[in-house]
Protein chains: 2
Amino acid sequence: MNKTISDTIEEFIMASLDDDDFIELSRNDLAKFFSCVPSQINYVLNTRFTVNRGFVIESQRGGGGYIKIVRMQDNNNNFLTNALNMCTQPLSLTEGAQIINHMVERRLISEREAELIKSTISVKALNNPINIDNKLRSNILAQVIIKLMKGDFK
Amino acid sequence: MNKTISDTIEEFIMASLDDDDFIELSRNDLAKFFSCVPSQINYVLNTRFTVNRGFVIESQRGGGGYIKIVRMQDNNNNFLTNALNMCTQPLSLTEGAQIINHMVERRLISEREAELIKSTISVKALNNPINIDNKLRSNILAQVIIKLMKGDFK
DNA sequence: TTATACTGACTTTCTTTGACCTTTGATTTT
DNA sequence: AAAATCAAAGGTCAAAGAAAGTCAGTATAA
């Protein structure tokens with residue numbers, strides 16, 4: 001709907017990151033460019049360019065100061081590999097949900113997708129005779145992760 | 001039978017949905033336009049634009065907040081009830097995939113979501129001792145369907 | 001008289017702003 | 001040359017603002 005200044009600034013930075021894996025900018029200049037207070041730049045950085053979303057911020061104060069925004073490449077591969085690893089062990093419902101939540105934080109999946117996946121490893125879904133729920137849960141989650149790793153969606 | 005404000009608002013939103021599958025609007029603006037309190041918009045949404053009637057609502061608070069109303073492709077209740085019914089019986093991988101594909105056709109889920117869900121009922125995911133795969137598969141799919149029916153996504 | 005509609009106070013969430021703080025490189029003093 | 005000062009960045013945080021959500025009470029239509 002009505003884009004906020006923060007959204008616009010986010011877009012601008014994203015676009016700047018299209019070509020390169022990092023950009024360096026002046027907080028004051030950027031603020032002036034968007035006619036906002038400098039601290040709004042920090043707000044955008046803190047809410048949108050977080051580590052969870054795959055960015056790292058470096059900066060320097062004082063004369064000649066700057067802000068550098070770096071897009072981590074390979075960010076999610078490590079995470080996914082790690083998550084997949086956890087799935088070699090049986091997982092409780094809570095543990096499984098935790099992994100899924102992290103996927104959302106990292107923007108690998110949407111809230112909606114998360115809820116769908118959670119329902120696939122719910123107690124009800126795994127309602128089966130013997131107590132192999134946890135093993136099954138990790139199995140199922142592992143397949144979802146593999147799918148995400150491959151990323152071969154149409 | 002006199003039209004209420006709620007009816008008028010409903011009509012307005014319906015008309016807006018004529019062209020597109022979704023609209024985004026500002027609760028405050030709409031309330032102002034119809035000279036009612038903002039919470040009346042919620043009332044209309046809660047009573048008329050329910051999942052049962054084939055709508056999904058998304059929203060965001062705070063500055064730049066909005067309300068998004070999405071029309072699901074025709075009313076899917078019959079379809080979902082039917083699918084859920086199939087899930088009382090064991091399902092082969094092919095049968096499961098078929099149901100999922102239909103969900104995509106009906107725009108209940110995206111291609112991406114479909115692939116994620118397919119991976120949860122894949123042979124690999126259900127790789128467990130005895131041959132209760134098919135029962136498990138229908139169980140899992142049933143939970144996904146129930147989730148979709150409830151539509152209680154954040 | 002019951003179900004539906006309306007209202008408004010209060011809550012939660014996200015954004016914007018500004019006052020004050022810290023760091024740093026450059027410049028001036030001693 | 002070392003110490004002191006200064007100005008130019010960037011950082012923090014809390015308060016104010018802007019939307020939307022909730023819920024319980026009241027009013028009204030059937």
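- In this structure, B/G63 reaches the bases: a heavy-atom distance under 4.0 Å links it to at least one base atom across the strands shown.
- The aromatic rings of B/F12 and B/F34 sit perpendicular, their planes meeting at an angle over 60°, well past the 30° parallel limit.
- For A/Q60, taking side-chain heavy atoms from C-beta onward, the closest of the listed nucleotides D/dA20, C/dA5, C/dG25 is C/dG25.
- Across the protein-nucleic acid pair, B/E58 atom CD and D/dA19 atom C1' stand 17 Å apart, rounded to whole Å.
- B/S39 contributes no side-chain N or O that forms a donor-acceptor pair with the base of D/dG21 under 3.5 Å.
- Under the 4.5 Å side-chain criterion, counting only non-hydrogen atoms from C-beta, A/I41 is in contact with A/L45.
- Nucleotide C/dT24 holds its C1' atom 11 Å from the OH atom of A/Y66, rounded to whole Å.
- Each of B/T47 and A/K3 lies near DNA chain C, and the nucleotide nearest B/T47 is the one positioned closer to the 5' end.
- Side-chain atoms of B/Q40 lie closest to C/dT7 of the nucleotides C/dT7, D/dG11, C/dT17.
- Rounded to an integer number of Å, the gap from CD1 of B/I69 to P of D/dA20 is 12 Å.
- Atoms CG (B/N2) and P (D/dA30) sit 6 Å apart, rounded to a whole Å.
- At whole-Å resolution of the value, CG in A/L30 and C1' in D/dA9 are 14 Å apart.
- Rounded to whole angstrom, the span from the CZ atom of B/F49 across to the P atom of D/dA20 amounts to 16 Å.
- Of the candidates D/dG21, D/dG11, C/dT16, D/dG21 carries the atom nearest the B/I67 side chain, counting heavy atoms from C-beta on.
- If you take CG of B/N42 and P of C/dA5, they are 15 Å apart, rounded to a whole angstrom.
- Contact check, A/S6 against C/dC14: no side-chain N or O comes under 4.0 Å of OP1 or OP2.
- Here the nucleotide nearest the side chain of A/R61, chosen from D/dA20, C/dT23, C/dT17, is C/dT23.
- Counting non-hydrogen atoms under 4.0 angstrom, A/N28 reaches the backbone sugars and phosphates but no base.
- Counting non-hydrogen atoms under 4.0 angstrom, A/G62 reaches a base of the nucleic acid.
- The B/Y43 side chain lies nearest to C/dA5 when the options are C/dA5, D/dA19, D/dG11.
- The side-chain hydrogen bond (donor to acceptor under 3.5 Å, both in side chains) contacts involving residues 30-45 of chain B comprise B/S6-B/Q40, B/R27-B/N42, where partners must be two or more places apart or lie in separate chains.
- In this structure, the side chains of A/T120 and B/I121 stay at 4.5 Å or more apart for every pair of heavy atoms.
- Under the side-chain hydrogen bond (donor to acceptor under 3.5 Å, both in side chains) criterion, the residue pairs touching residues 48-67 of chain A are A/D7-A/R48, A/E10-A/R48, A/N52-A/E105, with sequence neighbours excluded.
- Remark: P of C/dT15 and CD1 of A/I41 are 14 Å apart, rounded to the nearest angstrom.
- Set against D/dG21, C/dA5, D/dT12, the side chain of B/R27 has D/dG21 as its closest nucleotide.
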